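One structure is given below, encoded as structure tokens.
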Protein chains: 2
Amino acid sequence: MARKSGSSSEKTRPLVRSAALSLFARYGFAAVSMRQIAAEVGVQAGALYRYTPDKQSLLFELMQVHMEELLAAWGEVDPKGAPLDRLDSFVRFHIHHHMDRAEAVFISYMELRNLTPANFAVIEGLRAQYEQVLEEILNACGAAAGDRKLTTLAVLAMLTGVNTWYREGGRLDRDAIADSYVGMVRGLISAAA
Amino acid sequence: MARKSGSSSEKTRPLVRSAALSLFARYGFAAVSMRQIAAEVGVQAGALYRYTPDKQSLLFELMQVHMEELLAAWGEVDPKGAPLDRLDSFVRFHIHHHMDRAEAVFISYMELRNLTPANFAVIEGLRAQYEQVLEEILNACGAAAGDRKLTTLAVLAMLTGVNTWYREGGRLDRDAIADSYVGMVRGLISAAA
DNA sequence: GTCTATAGACAGATAGAC
DNA sequence: GTCTATCTGTCTATAGAC
């Protein structure tokens, strides 16, 4: 069963994925052509169809892998202890994980409308699962008598918003940013109306 | 100076703007063709060029008008009183104003990368002005000894995030949502680290 | 597995008739 | 002010050589 280890296929496939990732993030799915992706990989456009049935599948797989990795990564980090500790851990996890995957995060928020309805439903389901993770933590925290769903969405928007301005080497380092957000989230949930 | 009041130009121009607004919001700038816009307006594609020099200008003007209206609208609503009252007013203003202009808000966040560099600079300047409005309010509030810029961005991301899920006729009405956010923002800034 | 070549559709923008 | 017609270029995806 040994596969030929030097086979070009195993080298090209990840190049296609990463070229699509960075080009879609920079210019948008609709504005990027298969020829641009091919040029970034270093092949001709026709060769891409060895690795994806079409452009849509390329987008969908990037988003699906991103969302599944996100859920799996939290599963490994979740301290499963006291609710307020879990909340702090979630905030730090979300910020660091998203900082490390800026392109995939950007695509997953910006390109939802370019998914076919069937593909959209899959991604939306994964997104709902992730929201559910935070909602359950907030329930366990017994946050003030506010609307839990609203609080969940407010916190997630606030945390994900970091990606719109964070750049490596900026004024604040990653840990200092995460610390600040831990504090803000604590204040927010203690007042959630 | 009387202009011919029934002139078709004065009817078509706003139709072009609103057709572009809703189509760009739904499918994205790059995915919408001039022919689609023309069909929505009820003219042929060539006629659009009476109202815009090109597709790029159509996008830019929508975003520019949106940002200038946003700044002007706050200028009219700003109570200019006690800092904490101004903060509450800002939160309510932002949420209601954004709820009423979902398409323009969506475009202004999603299509930044489709602006030419010169146009992008203009929109970014307007956006920075709006951030400055909130930052000054937070300074006046003397929010806890945290990083003010960080707090500003966190609050804005949280407030604008409402647009990703709010739909008219949903479970919570507009005022109830705004009330909740006023409470969450108050908690957040009292803890901002 | 990658190439060249191409099909068939559609893009933005312009010219000139009415 | 809108039309029809068209220029010129691009797109996704496929076929078949190597």
Side-chain angles (χ1 to χ4, degrees), chain A residues 1-21 23-24 26-63 107 111 113-119, chain B residues 2-24 26-63 107 111 113-119:
Chain A
M1 293 303 178
R3 195 129 28 99
K4 201 158 118 201
S5 76
S7 104
S8 186
S9 169
E10 294 309 307
K11 290 175 195 159
T12 303
R13 185 177 299 276
L15 289 180
V16 172
R17 298 183 64 86
S18 74
L21 184 76
L23 287 171
F24 288 166
R26 184 149 32 205
Y27 303 110
F29 174 76
V32 171
S33 70
M34 294 299 271
R35 283 174 178 80
Q36 276 177 277
I37 298 170
E40 184 89 356
V41 172
V43 296
Q44 293 301 312
L48 296 179
Y49 293 87
R50 290 265 141 196
Y51 303 98
T52 182
D54 50 34
K55 197 184 168 193
Q56 165 73 203
S57 301
L58 209 45
L59 175 65
F60 172 63
E61 279 161 32
L62 289 173
M63 293 175 68
I107 290 171
E111 304 296 354
R113 63 183 163 194
N114 285 310
L115 292 172
T116 60
N119 287 343
Chain B
R3 196 131 25 104
K4 201 159 115 200
S5 76
S7 106
S8 186
S9 170
E10 294 308 308
K11 291 174 193 159
T12 304
R13 185 177 299 277
L15 289 180
V16 172
R17 299 182 64 86
S18 74
L21 185 76
S22 69
L23 287 171
F24 289 167
R26 185 149 31 206
Y27 303 111
F29 173 76
V32 171
S33 69
M34 294 299 272
R35 284 171 177 80
Q36 275 178 275
I37 297 170
E40 184 89 357
V41 172
V43 297
Q44 293 299 314
L48 294 180
Y49 292 88
R50 291 264 142 197
Y51 305 97
T52 183
D54 50 33
K55 196 185 169 193
Q56 165 72 205
S57 301
L58 208 45
L59 174 65
F60 172 63
E61 279 161 31
L62 289 173
M63 293 175 68
I107 289 171
E111 304 297 354
R113 63 183 163 193
N114 284 311
L115 293 172
T116 61
N119 287 343

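Being a predicted model, the structure only gives us computed values, none of them experimental. Order of the sequence lines sets the chain letters (A, B, ...), proteins ahead of strands, with each chain counted from 1. In what follows, every heavy atom counts, from backbone to side chain, and hydrogens, waters and symmetry copies are set aside.
We find that CG of A:Leu15 is positioned 14 Å from C1' of C:dT2, with the value rounded to whole Å. Between the CZ atom of B:Arg35 and the P atom of C:dA13 there is a distance of 11 Å, rounded to whole Å. Remark: P of C:dA11 and OH of B:Tyr27 are 13 Å apart, rounded to the nearest angstrom. Straight-line distance from the NZ atom of A:Lys55 to the P atom of D:dT14: 15 Å, rounded to whole Å. Atom pair A:Leu48:CG and D:dT14:C1' shows a separation of 13 Å (rounding to whole Å applied). Between B:Asp54 atom CG and C:dA13 atom C1' there is a gap of 9 Å when expressed in whole angstrom units.
Using a 4.0 Å heavy-atom criterion, one finds that A:Val41 contacts no nucleic acid atom at all.
In this structure, B:Tyr49 does not reach the D:dC3 phosphate: none of its side-chain N or O atoms is under 4.0 Å from OP1 or OP2. Put simply, B:Thr12 has no side-chain N or O that comes within less than 4.0 Å of OP1 or OP2 on D:dG1. Taking 4.0 angstrom as the limit, A:Ser33 places none of its side-chain polar atoms (N or O) nearer than this to OP1 or OP2 of D:dT10.
Counting heavy atoms from C-beta on, the side chains of A:Tyr51 and A:Arg17 never come closer than 4.5 Å. B:Arg50 is not listed as a side-chain neighbour of B:Arg13, based on a closest heavy-atom distance of 4.5 Å or more.
Mapping B:Ala47 and A:Val32 onto DNA chain D via the closest heavy atom, the residue that lands nearer the 5' end is B:Ala47. Judged by closest nucleotide on DNA chain D, B:Tyr51 is the one of B:Tyr51 and A:Gln36 placed further toward the 5' end.
Of the inter-residue distances, the one linking B:Met34 atom CE with B:Asp54 atom CG reads 7.5 Å to the nearest 0.5 angstrom.
Checking D:dC3, C:dG1, D:dA13 against the side-chain heavy atoms of A:Arg50 singles out C:dG1 as nearest. In the set D:dT2, C:dC3, C:dG12, C:dC3 carries the atom at the smallest distance from any side-chain atom of A:Gln44.
For A:Arg113 and B:Glu111, the salt-bridge test passes: some basic side-chain N is under 4.0 Å from an acidic carboxylate O.
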